[in-house]
Structures are given as C-alpha cells and as structure tokens.
Amino acid sequence: MQADTVSILLPLAVEGPYTYRVPHGLTLAPGDIVRVPLGPREMLGAVWDDPPDGSVGHNRLRPVAHRYDAPPIEESLRRFVDWVARYTMTPRGMILRMVLRAPEALLPERAIAALRFSGTVPARLTPARETVLGRMADGQPLPKTGLSSALGVSPAVIAGLVAQGTLVEATIAPPPVAALPDPDHARPELGTGQIEAAEALRAMVDAGSYEVALIDGVTGSGKTEVYFEAVAEALRRGRQALILLPEIALTGDFLDRFARRFGARPAEWHSELPQRGRERVWRGVADGTVRAVVGARSALFLPFRELGLVIVDEEHDAAYKQDEGVTYHARDMAVVRGNLGAFPVVLASATPSIESRVNADQGRYRRLHLPARFRAAKLPEIRAIDLRTDPPERGRFLSPVLVKAMEETLAAGSQSLLFLNRRGYAPLTLCRTCGHRFQCPNCSSWLVEHRFRGQLVCHHCGHSEPRPSHCPICASEDSLVACGPGVERIAEEVAARFPDARAIVLSSDMQGGVQQMRAELEAIRSGAVDIVIGTQLVAKGHNFPGLALVGVVDADLGLAQGDPRAAERTFQLLAQVTGRAGRAGGDSRAFLQTYAPDHPVIAAIASGDSEAFYQREIEARRVSGLPPFGRLAGLIVSAADRASAMSHAQALRRMAPPEDVAMVLGPSEAPLAVLRGRHRFRLLVRAPRGFDLQGFIAGWLAASPPPRGSVKVQIDIDPLSFL
DNA sequence: AGCACGCCGACT
DNA sequence: GTCGGCGTGCTC
C-alpha cells in the first residue's frame, strides 16, 4: 500500500488486478493503458481503481514498462467491466480482454505513403510530365499507390520524376474510418404515431440520464425511423451513439439506410471485420472521431469516450446471447451500460421479449407503442390452415389450400415465400424393413438427410456421414425412407407442382457462401424468382419487397420442445415471417399450416391479437417462476466423454440446494451438444428474484467435491432483476 | 494468453 | 529405456 505502486488489471483469466511499481517520472491515473512485464514477456494492461494490496512483497513488484499515449478507459466503462465480471461470474481480466480486443490500435495509425511536388522542375518536360506537374503543382501530397493510374500516366513517368527529385516522398494522414454523420442530413417525414415516440426519445436523450425505452410496433411501423431520431439527438448533443443489431441483420442495406438519413455510413463493428478495420474503429471510438457505430453484441465493449445512447434493435433476438467464453446477454448488458454511464437505452422490436414487456409493464422501462403500419403498407391477411381438415396429399406437405393460394399468386405474377425452419431434406431417416433409425454417434439426435450433398448430418454437433444405399443393421437394399420435410423436400414438391415457376432455396448451409447468397437475394428483389423456400434466414434481416404470399409449412414446429422459451420464440419467429408479406403495400396473405389452430401462439398470430399471447405467456412465467419473475442460470457441465459429463452433472444436482432454489437436468436430460470433443450437459438453476444467484452458485461450486479436472461449469442464462 | 511442469503411449 | 501428448497452474 505505497504511493509508488499501482493496480493493473491484465486481460487474462485473473480475478483481480496485479500490483506494479510506478517508475520515477511516470504519472498514472485509473484507466490509463500500460505495458507491464509478466513472467518472461510484456503485456497490455489497464490501471484499475482497486487500492494496491500488500499481498505480494514490495521487493517482488516489477515496474510498469510504458504508458500508451491513448485515451484512458473511462470510469463508467471500468465500472461496467467490474459489473459484468461479477454478474457473469467471470474473472475481471476476461472482461477487460473484450475491451482491449484491438491492441495495435494503441499505436499511432500508420500514415499513407505519398508523393508531392518538390518545386524543382525537371530538366526535360515531356507531355506526360506536364500532366503530372499540372495536377500536383499545388504541392499537396497524393497517395503513392495508384498514383500513375489516377493521373493517367505510366508508372515509369512517376519513377522518372522521383529520380529527378521533382517528386519527393511525403505522407498523408489516413482518412477517418467513418465520415461524420449529420443529424440534420435528411430529416424524415414521420407519421402521427411515430412523431410522439420520436419526441419522447428525443426528450430522453436531452435529459441525458439513464432510462430505458421499449419501442414496439408491427413490422413496417417505422421503428428504425423513430430511433434514428434519438440517434440524431445524441449526435446534436455531442454524444456518441451505438446501434446494436443481431449479427445476421447487420447488412449493407442497414448501413445504407443509416447513410440516407445521416449522409454518411456509420462505423461498423462485427466479428467479420478485418484486423485493420477493427483497429481503426477502436481508435476512432476511443478518440472520439467516430460518432456512431452500428455493431453486433461485442460492440458494447468498445471504449467509447462520450457514449450517450445505445439502441438495441430486434431486442428479442437470441443472437444477443453470447454462449462461448464469457456468457452474457448483450441486451441486458446494454441496459447496465446505460445505467452506469447515465444515458438512455432504447430497445426496439416488433415482438419484444417477455422480459422486456414485463419490465415495461412494471414501469421500469418506458413503453412506446407504434400503433400501425406506416406509408400505406397494409398488414397481410393471416389465416391458419387446419391440417386435420385440409390435409396435404399422401407423401406431400403442402395443403391444397396453400397450393391454391400459391397458384393464384403465381398467376398474378407475384412472389410467394414458403417458410420451414428445418434445413436439409428430411429430419429422420429410417429402415422400412427393420425400423432402424439413423442417430448421431455423439449426441442423441437424429441425423438429418441432406439430399443435395448426399449426406446424413447431425445438426447438433456437426457430425456427418455419407447416406448409405442399404440399411447398416439389416442390410436391406432400398428400404430407407425419409420421414418428414426439410426445405429441400419442400423445394422438390414445389418443383413437381409448379414446374414452370422459378423457385429458390435459402438456407444457412447453402453452397457458394456469401457471394451466392447475395446474388440470390438480388434475384429475389428484382423479381427474377417466383417462389422462395427458406429457413429462419428469410425471417431476419432481409426484405423481400414483392412478397404477396407467405406460407408457413409447419407452424407447430418449435412448440413442442422442453425449452421454457419455446412458445415465445415460435411466436416471435412466426410474427416475423408473416410480417415479411406486403411490406411495400398492396394486398398480401399469410397462411399457417397447423394441427393446433387453437394453440395460443397460432391463435395470436392468426388473429393479430399479440396482446392476448403476451398476457398469457407472462402469467405462465409468473406461475412457474421463470424469468423475469425468477432467475434462471444454466450451468454447462462439460467433460471429455458423455458418461462422465452426465455423472458430474448429476453429482452437482445432488448437492442439496436450499428450498428456494430449484434445479433440473435438462431439457429432457439430453446432452446439449458435443463441441470440440467435449460433451456438455445443462443444469438449470431457478431462484426467486432478488436472490444472490452468483453467490449461491459460487458457494455451491466451492463446496461441491471438486469434480475431476476436466469439468467446466459456466453461467449460461441470467435474468434481469438487477436494477 | 503463453509457458512450464507433469504423468502415460510409440519409438530412435 | 526416452520423446511427446495436452491437462493444470502461474504470472505482480
């Protein structure tokens, strides 16, 4: 505890900061980014606020090597790191690591090599040389790369002028990674309902204090336009703004939309961003040259210098949950960051999560409801098709009612979308002779036939094997039958029924990657496709302006699982898919094929009465003590083989919990997944609101007989009862 | 994160 | 008899 020591948090899996000696002549303040010796090497770290402890002898302390000339990590971000670490039960250093993801960003950015006119005219002037001098006479340096083609002369001319001393080496500062967005570039015309909501958001940003707003409204009600007004207000007030999107929705379309409103594309941040780009965005965010960022969940950990607003679009989306490494829910952490940084947070969704709805109902969030579609866009007419009364023909999966609607749509020259959230050809293959079912050797799930690829694939762990021609058990030839539909099989049926229609399958395991995908989306947009058959992919992120008909092949899929959020997820997915119809205006229809037309989820979608669904679901959650009324944590128990993972999970469950904590091994006691050769089971821990779940789990793990080495336990889900 | 230390299979 | 696999532990 001496004046010449300092606490440094290192981006490693260490619980707290280490103590270092401050060398003479160096002044350090909390948040400063430094380089310190650690073992045989040097490492990045940040000065933290903890008072240096005396547990390590002063004579063993090593000195800080260097302080970077970079903006310090701001106080509220430091508190955020501490908070997230405690909440997720992760060592603090691991959270800091998420902040310091772009270490090269700490060095000054490399200038661009350029050439400029030195003032010395060459002895001989040729026409090409005159061209160059004419363009460079003002002495402004021009970038070296591409200079000759930019000036329309051969590289030899440039080289000659350099040799003569007419052009000399120079540098130019790299352009900012993103141009400044202008809040008043193209102010939109808002509808009446939108004006009120936009005004409320503007007032929140003006107030400059923590508050959470939940904007909800059907697809096409203009949520984006409304929250852009909040972004504009933050920019006007000199604050930075962050828009979070689920990775899949972070498309060029969205960036263009931002650019149309603000006159410049925002900086973007996501996992695919190349190293150079990451560094530039990180630096720009830290030094304040970047004013607006659109990013995936990890953007929440960027070192903003004056963050004044976070928008979480599609706030219900499960992609906000990070479940590798540090497990956190970006929507919840965004709310925390707003709370610690004293600025507003806006959650937006056409189908809000139950948690957010409850928080709004209970007054913790302000609810801004957008009542109607905007710009004359009409909602589709939605109808459930009862498959018990209108069944498909034998061996087929499309009901005559849906087929007729498709025929009509096709005849009118409009587009149809068939949605089935199941990749591949068939979800189960069995032998007609002996009844053998093809199961994954690692997991307990069925292998899915992918006919285009000729493989049987496990969608759980990725295992795949070639589809055999005969049964591996009874050796019968031609006895294998595909059970149930996947998108490939629906495509087959569509091809048989509509041989002249131009049909296309969109699913995540498409061959050809991003390029191919882009081309196909463009084909759909331009109207070169009549029938789109797609999985979840078509529900999110992409707009299909010409869609007149949406058919949900199996609306019941997803309702039967043991997952406590199954109903909510299905509702959200169905609302999104049916909402794809008719965005651009005109009449449109959506059909839900179902065996349970009275199921609350189906009924809510078909009647358009989502309120009824929410009330019912909220009540069900309240009764069972699930989030947001209780707190739920998933412990992932993992081990190198299935049996020991299972036995460790059971051992943990046997640890007698207090009465107010419930635990189940589940859902359905099935292994979650086999990832990187590790078998994982999930334990769900449920506790009442207000209960110190983290403390309980930590104590529980400390007291449990140490499971042999190879078992890892991590917090998976955690709820909202923190503010 | 690195890097060292420490126990069980196929080889000069 | 060793070389080497990566599981575990440590770095102020």
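Chain naming here is simple, since letters A, B, ... match the order of the sequence lines and numbering starts at 1 in each.
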Asker: What's the CD1-P distance between A/Ile8 and B/dA1, to the nearest Å?
Answerer: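 In whole Å, B/dA1 P and A/Ile8 CD1 are 20 Å from each other.
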Asker: Could A/Arg92 and A/Glu15 be called an ion pair, given the rule that one side-chain N must be under 4.0 Å from one carboxylate O?
Answerer: no
Asker: At under 4.0 Å between heavy atoms, what does A/Leu12 touch on the DNA or RNA strands: base, sugar-phosphate, or nothing?
Answerer: base
Asker: What's the CD-C1' distance between A/Glu42 and B/dC3, to the nearest Å?
Answerer: 16 Å
Asker: Would you kindly give the CE-to-P distance between A/Met43 and C/dC12, to the nearest whole Å?
Answerer: 11 Å
Asker: Could you go step by step and tell me if A/Leu340 and A/Arg337 meet the side-chain contact (heavy atoms from CB on, under 4.5 Å) rule?
Answerer: CA-CA 5 Å; A/Leu340 295 172; A/Arg337 196 157 183 197; 5.9 Å; no
Asker: When the distance from CZ of A/Arg35 to P of B/dA1 is rounded to whole Å, what number comes out?
Answerer: 21 Å
Asker: Calculate the interatomic distance between A/Met98 atom CE and B/dA1 atom P; express it in whole Å.
Answerer: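 After rounding, the gap between these two atoms is 12 Å.
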Asker: Find the distance between CD (A/Glu315) and CG (A/Asp332) and round it off to the nearest 0.5 Å.
Answerer: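 That separation rounds to 9.0 Å.
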Asker: Can you check the A/Leu38 CG to B/dA4 C1' distance for me, whole Å?
Answerer: 14 Å
Asker: For A/Arg41, report the nucleic acid contact type (base, sugar-phosphate, nothing); a contact means any heavy atom under 4.0 Å.
Answerer: base
Asker: Describe the nucleic acid contact of A/Pro37 in one word from base, sugar-phosphate, nothing, applying a heavy-atom distance below 4.0 Å.
Answerer: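 It contacts sugar-phosphate atoms only.
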Asker: Please state how far atom CG in A/Leu9 lies from atom P in B/dA1, giving the value in whole angstrom units.
Answerer: 14 Å
Asker: Could you go through the side-chain contact (heavy atoms from CB on, under 4.5 Å) check for A/Val312 and A/Val346 one step at a time?
Answerer: CA-CA 6 Å; A/Val312 185; A/Val346 176; over 6 Å; no
Asker: Can you tell me the distance, in whole Å, between the CD atom of A/Glu15 and the P atom of C/dT11?
Answerer: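 Distance, rounded to whole Å: 15 Å.
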Asker: Does a nitrogen or oxygen in the side chain of A/Arg62 sit under 4.0 Å from OP1 or OP2 of C/dC12?
Answerer: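 Result: yes.
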Asker: Would you indicate which nucleotide in C/dT11, B/dC3, B/dA1 comes nearest to any side-chain atom of A/Pro40?
Answerer: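 Taking heavy atoms from C-beta onward, the closest nucleotide is B/dC3.
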